[in-house]
There are 2 protein chains.
Amino acid sequence: MATTETADRTNGEATGGCPDDLAYDVFARNCPSRDTLKHITDRWGSLTLGALLDGTFRFNELRRRVDGVSEKMLSQTLHALERDGLVHREAQQTNPPRVDYALTPLGHQVARQLRALIDLVEDRMPQVLQARERYDAEHTAR
Amino acid sequence: MATTETADRTNGEATGGCPDDLAYDVFARNCPSRDTLKHITDRWGSLTLGALLDGTFRFNELRRRVDGVSEKMLSQTLHALERDGLVHREAQQTNPPRVDYALTPLGHQVARQLRALIDLVEDRMPQVLQARERYDAEHTAR
DNA sequence: CGGTATCCTGCGCGATACTG
DNA sequence: CAGTATCGCGCAGGATACCG
């Protein structure tokens, strides 16, 4: 079991704590908060949380909303987020099966912070693109 | 040139825009905002921006603050962030050389959003760890 | 529909060595 | 000190096939 998590678990996920076990400092390696931050900010993690801010969705609905995610990665991402207590999974024992994913209260708090970041980035993209042009211009001739 | 960026460029960085080129929707693939979000939320990107919120730092000072980052990855990360207009690089032509890195105004806005997320995660880690235990308990016996 | 099991590949990233 | 150059490994993650 937990097959799709292999990569995740073999990764870091140090069960040991931070130097000071009261503070969870992401800047220290071997701190579990770094792993959680990674789950959240990961390519698919961030987009999945962002998508779930809009409501409750079924597996394939999510796949469509998070453009480009594969079945495997969405599944893996959802498991990690569920394990961290950010996503709630509700399966109805019907045929065909129906599974709904939603944010937990904690997940909602996180997702809102994340969304604020995403909105900021989207809003400032013109500045970013402009900065890139400047940078590239200076570094190609140089 | 741009040697360390190879991976980055070969990646996505689609110069084409989003379907609608006025909105930069991270949920759509091939949208440049997704790349920028990646730079920001990347393992080292997030930590580097977070570290720079505390002030201006030299290369090796940053290396020490962002525990575990290699020279190569820090260099690469800083270049990406500088290119996106989030980090300002100021080199003094002295011997030994001295280079200072600081956030741009835009970088500051982004970093503050990011920091809010990081603080939230660190603050809620006990809940996360508790959720993990519950999850693991339910899924190992099962 | 809602996944899991497997296989395979590219590139993320660390280690090491070298430069100005 | 502040990087770049190069090599190599390992995992992220896509493609495909299969299952309840």
Side-chain angles (χ1 to χ4, degrees), chain A residues 1-13 29 34-35 38-39 41-48 56-82 87 89-102 139 142, chain B residues 1-13 29 34-35 38-39 41-48 56-82 87 89-102 139 142:
Chain A
M1 64 207 58
T3 46
T4 42
E5 298 180 44
T6 321
D8 202 359
R9 309 305 299 280
T10 52
N11 205 359
E13 204 86 355
R29 51 183 164 202
R34 203 182 255 195
D35 293 307
K38 191 168 189 308
H39 295 157
T41 58
D42 245 351
R43 170 133 78 129
W44 302 121
S46 58
L47 297 177
T48 302
T56 297
F57 295 101
R58 305 174 62 173
F59 190 84
N60 281 300
E61 286 175 339
L62 274 176
R63 271 202 74 190
R64 260 167 265 125
R65 295 198 125 233
V66 181
D67 193 20
V69 70
S70 65
E71 290 182 358
K72 178 184 161 187
M73 291 318 298
L74 181 56
S75 171
Q76 198 169 304
T77 299
L78 285 169
H79 278 306
L81 294 177
E82 189 194 354
V87 162
R89 190 193 120 111
E90 184 121 27
Q92 299 177 29
Q93 220 22 36
T94 59
N95 193 314
R98 178 192 178 98
V99 182
D100 290 305
Y101 291 94
H139 288 73
R142 178 142 319 278
Chain B
M1 65 207 59
T3 46
T4 41
E5 297 181 42
T6 321
D8 200 359
R9 309 306 298 280
T10 53
N11 205 1
E13 203 87 353
R29 51 184 165 202
R34 201 182 256 195
D35 294 306
K38 191 167 191 307
H39 295 156
T41 58
D42 246 350
R43 169 132 81 129
W44 302 122
S46 58
L47 298 177
T48 302
T56 297
F57 295 101
R58 305 173 61 172
F59 190 83
N60 281 298
E61 286 175 337
L62 274 176
R63 270 203 74 189
R64 260 168 265 126
R65 295 198 125 232
V66 180
D67 195 19
V69 69
S70 66
E71 292 182 356
K72 179 184 159 185
M73 291 317 297
L74 182 55
S75 170
Q76 198 169 305
T77 299
L78 285 169
H79 278 307
L81 295 177
E82 190 194 352
V87 162
R89 189 193 121 115
E90 184 122 26
Q92 298 177 28
Q93 218 24 34
T94 59
N95 193 316
R98 177 192 179 98
V99 181
D100 291 305
Y101 291 93
H139 287 74
R142 177 146 320 278

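Atoms considered below: every heavy atom in the structure, side chains included; atoms not considered: hydrogens, waters and symmetry mates. Letters A, B, ... mirror the listed sequences (proteins, then strands); counts begin at 1.
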Checklist entry - Less than 4.5 Å apart, any side-chain heavy atom of A/Y101 and any of A/T56? => result no
Checklist entry - Looking only at heavy atoms, what is the nearest atom pair of B/L74 and B/V69, with distance? => result N-CG2, 3.7 Å
Next on the checklist: What is the separation between atom NZ on A/K72 and atom C1' on C/dT4, rounded to the nearest whole Å?
Outcome noted: 11 Å
Checklist entry - Under 4.0 Å: is that the gap between some side-chain N or O of B/R89 and OP1 or OP2 of D/dG3? => result yes
Checklist entry - 5'-most contact on DNA chain D: A/G68 or A/E71, nearest heavy atom basis? => result A/G68
Checklist entry - In whole angstroms, how far is the C1' atom of D/dG3 from the CD atom of B/E61? => result 15 Å
Next on the checklist: Over all strands shown, is B/R63 touching base, sugar-phosphate only, or nothing at heavy-atom distances under 4.0 angstrom?
Outcome noted: nothing
Checklist outcome for this item: From the candidates C/dT4, C/dC13, D/dA2, the one with an atom nearest any side-chain atom of B/P97 is D/dA2
Checklist outcome for this item: From CG of A/L78 across to C1' of C/dT4 the rounded distance in Å is 14 Å
Item to check | Closest to side chain of B/W44, choosing from D/dG14, D/dG3, C/dG14 | outcome: C/dG14
Checklist outcome for this item: A/N95 CG to C/dG3 C1', in whole Å, measures 14 Å
Next on the checklist: With a cut-off of less than 4.0 Å, is there a side-chain N or O of B/H79 near OP1 or OP2 of D/dT4?
Outcome noted: yes
Checklist outcome for this item: Rounded to whole Å, CG of A/L74 lies from C1' of D/dG14 at a distance of 14 Å
Next on the checklist: Please determine whether a side-chain nitrogen or oxygen atom of A/Y101 lies at a distance below 4.0 Å from atom OP1 or OP2 of C/dG3.
Outcome noted: yes
Checklist outcome for this item: Testing C/dG3, D/dG3, C/dT4 for proximity to the side chain of B/V99, the answer is D/dG3
Checklist entry - In whole Å, what is the span from the CZ atom of A/R43 to the P atom of D/dC11? => result 19 Å
Checklist entry - Can you find a pair of side-chain heavy atoms, one from B/L78 and one from B/E82, that are under 4.5 Å apart? => result no
Item to check | Whole-Å distance separating the CZ atom of A/R64 from the P atom of C/dC1 | outcome: 7 Å
Checklist entry - Phosphate oxygens OP1/OP2 of C/dG2: is one of them under 4.0 Å from a side-chain N or O of A/R58? => result yes
Next on the checklist: Given D/dA2, C/dG3, C/dG2, identify the nucleotide with an atom nearest to the side chain of A/S75.
Outcome noted: C/dG3
Checklist outcome for this item: Taking every heavy atom of A/D67 against every heavy atom of B/R34, the minimum-distance pair comes out as O-NH2, 2.9 Å
Checklist entry - How long is the line joining CG of B/D100 and P of D/dA2, in whole Å? => result 8 Å
Item to check | Minimum-distance pair of heavy atoms, taken over all atoms of A/M73 and A/T77 | outcome: O-OG1, 2.6 Å
